[in-house]
Number of protein chains: 2
Amino acid sequence: MGVKAPYQPKDEIFTFLRPAIAVDVVLLSIIRNNLQVALIQRQDEPYYGKFALPGRFVRYDEPIETTAKKAIEGKGNIKTDNIYLEQLHTFGQDLVRDTRIRTISTVYYGFIDPDTINSQPDNTFTWFKTDNLPPLGFDHKKIIKSSIERVRRRMFTTDVIFNLIPKEFTLTEFQHACETFFGEELDKRNFRKKINELYTLKDLKRTKMTGAHRPAKLYTYVKMK
Amino acid sequence: MGVKAPYQPKDEIFTFLRPAIAVDVVLLSIIRNNLQVALIQRQDEPYYGKFALPGRFVRYDEPIETTAKKAIEGKGNIKTDNIYLEQLHTFGQDLVRDTRIRTISTVYYGFIDPDTINSQPDNTFTWFKTDNLPPLGFDHKKIIKSSIERVRRRMFTTDVIFNLIPKEFTLTEFQHACETFFGEELDKRNFRKKINELYTLKDLKRTKMTGAHRPAKLYTYVKMK
DNA sequence: GCAAAAGTGTTTGAGGTACACCCATGC
DNA sequence: GCATGGGTGTACCTCAAACACTTTTGC
């Protein structure tokens, strides 16, 4: 072994055709107690007219997280400042998933709270319940499923859940969001005990009235150092 | 919204320069009670002469897992049949990590048992202890660190550990491998109780003698359905 | 005063951690 | 017979799950 010969450029990378790389984003929110995902109706082939995840090809001089943000900024008119984005997986096994060109897709998932969505007038996204998706282009149904599985596993080890719910919330609303997310009912007392250990919630000293019963206190999440 | 206009091809993807995509592999093994990683000394710029992870550019008609396998098959003369490979992350933020061309790198980590390594005569890998790495090219030191962290978290939820150790092992050898991997000492009785619940080990009805004391039973892992 | 959701503690069981002694072998 | 690592069981403690009643409001 060892490196003895002087360097001679080979630059094999310039000698063969390169695949394209794209970023697709699984943007999730909890809307009316349903876990929903933002889809757009495609204006181009392939899968013209079908719904699909918002995506964008990575430009030569564009960091991939920028690509991810632009994929949703351009299409949904949503400010990405308030969106939590995390890389999920890179799908690159299927050589013909895009008929135009061999494409490798890096998928990000993101969370947006439903209040932020509604305040955007010029929204080209269509939101679908994740358990009742329309026929989708590409392999996007599979991708959405694995995003949700992954996110469920990570949910209680991080504080990402607070990106999915409004800034101000009652404990019952928060519990319902968690139940929606995990797909199972939770015990009220155990739930409150648990979040009291895990997170620091600020009591806003205000209440929310939703019917002929005792009003609920409003809280907000305070990020710990 | 809605899709009314007849389809007119845009094919923006053909109008701009595409980044290259490469696969790098963090190939790990436990050799003489040390967690070690396979590196190669680079024969090309950039980082000519430095050690780096084995890598390969993704060809246009090559699934990325094939790229990952070829990255280690070509360089280490190792059969990939016995190697567990899993995708870690795609690094695409740094626009100048490779000076030749904008490169996005998908990293896989893999496990190989030390017996398989030693039986390969024409091995161009150099194995380094992960806690004592040489200066590395690219951002590969950071990548190796995050591979190990990820793998530690996943270790006891899967059976990947058995790809890191020889097919036949004594319980003490297995325990030492786990201790090496987690970087902490384990209690012998608790360890045996735990693996007895988690895995099905086949008693090979043979023993291994390593000194003037009671010989240890040999086991092998039996994959469950 | 009654319906309806908010709010609040205790008991129990399972699983993880800590810990000490006998066994089989070579010399 | 003694030095060396192989092999085994029990007590305690921590954390998660199960569970019921009082409080505040609108009507």
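Fair warning: this is a prediction, and the values are worked out from it, not measured in the lab. By convention in this document, chain letters (A, B, ...) are assigned in the order of the sequence lines, proteins followed by strands, and residues within each chain are numbered from 1. For the numbers below, each heavy atom of this structure counts, side chains included, while hydrogens, waters and symmetry mates do not.
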K.L.:
Starting from the 5' end of DNA chain D, give me the residue, B/Lys188 or B/Ala212, whose nearest nucleotide shows up first.
P.N.:
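Per heavy-atom nearest nucleotide, the more 5' residue is B/Ala212.
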K.L.:
Rounding to an integer number of Å, can you tell me how far B/Phe191 CZ sits from D/dG7 C1'?
P.N.:
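About 14 Å, once rounded to whole Å.
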K.L.:
With nearest nucleotides of DNA chain C determined for A/Leu171 and A/His213 from heavy-atom distances, which residue corresponds to the more 5′ nucleotide?
P.N.:
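This one resolves to A/His213.
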K.L.:
Would you say A/Lys141 has more than 12 foreign heavy atoms packed within less than 6.0 Å of its NZ?
P.N.:
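Enclosed.
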K.L.:
Output the rounded distance in Å from NZ (A/Lys217) to P (C/dG7).
P.N.:
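After rounding, the reported distance stands at 7 Å.
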K.L.:
Quick one, A/Thr106 and A/Phe91 - any side-chain contact, counting heavy atoms below 4.5 Å?
P.N.:
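They are not in side-chain contact.
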K.L.:
Taking 4.0 Å as the cut-off, does a side-chain nitrogen or oxygen of B/Thr172 come that near to OP1 or OP2 on D/dG6?
P.N.:
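For B/Thr172, the contact criterion (side-chain N or O under 4.0 Å from OP1 or OP2 of D/dG6) is met.
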K.L.:
To the nearest 0.5 Å, how far apart are OG1 in A/Thr80 and CG in A/Leu85?
P.N.:
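Going from the OG1 atom of A/Thr80 to the CG atom of A/Leu85 covers 7.5 Å.
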K.L.:
Looking at A/Arg192, I'd like to know whether one of its side-chain N or O atoms comes within less than 4.0 Å of OP1 or OP2 on C/dG7.
P.N.:
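Yes, A/Arg192 has a side-chain N/O under 4.0 Å of OP1/OP2 on C/dG7.
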K.L.:
Distances under 3.5 Å only, N/O to N/O: pair up the protein atoms with those of nucleotides 9-11 of chain D.
P.N.:
unit_1	atom_1	unit_2	atom_2	d
D/dT10	O4	B/Lys193	NZ	3.2

K.L.:
Once you round it to whole Å, what is the distance between P of D/dG7 and CE of B/Met209?
P.N.:
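Checked: the CE to P distance equals 11 Å.
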K.L.:
Counting the benzene-type ring for Trp, do B/Tyr84 and B/Phe162 have ring centres under 6.0 Å apart?
P.N.:
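B/Tyr84 vs B/Phe162: aromatic centres not under 6.0 Å.
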K.L.:
Would you mind reading off the distance between A/Phe174 atom CZ and C/dA5 atom P, rounded to a whole angstrom?
P.N.:
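Atom-to-atom, A/Phe174 to C/dA5, this comes out as 21 Å.
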K.L.:
In whole Å, I'd like the distance from the CD atom of B/Glu197 to the C1' atom of C/dA14.
P.N.:
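Rounded to whole Å, this separation is 11 Å.
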K.L.:
Take the protein atom CZ of A/Arg214 and the nucleotide atom P of D/dT24, then report the distance between them rounded to whole Å.
P.N.:
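Nearest whole value for this atom pair: 5 Å.
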K.L.:
Evaluate whether atom NZ of B/Lys145 has more than 12 neighbouring non-hydrogen atoms of other residues, nucleotides or ligands under 6.0 angstrom away.
P.N.:
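Result for NZ/B/Lys145: enclosed.
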K.L.:
Rounded to whole angstrom units, what separation is found between the CZ atom of B/Arg206 and the C1' atom of C/dT25?
P.N.:
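Going from CZ in B/Arg206 over to C1' in C/dT25 covers 19 Å.
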K.L.:
Can a donor-acceptor pair be found between the side chains of B/Asp203 and B/Tyr219 at a distance below 3.5 Å?
P.N.:
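There is no such pair between these side chains.
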K.L.:
Among A/Lys188, A/Lys193, A/Arg192, find the residue that satisfies the side-chain contact (heavy atoms from CB on, under 4.5 Å) test when tested with A/Asn190.
P.N.:
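Answer to the side-chain contact (heavy atoms from CB on, under 4.5 Å) test with A/Asn190 among A/Lys188, A/Lys193, A/Arg192: A/Lys193.
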K.L.:
To the nearest Å, give me how far apart CD (B/Glu184) and C1' (C/dT17) are.
P.N.:
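Between C1' of C/dT17 and CD of B/Glu184: 12 Å.
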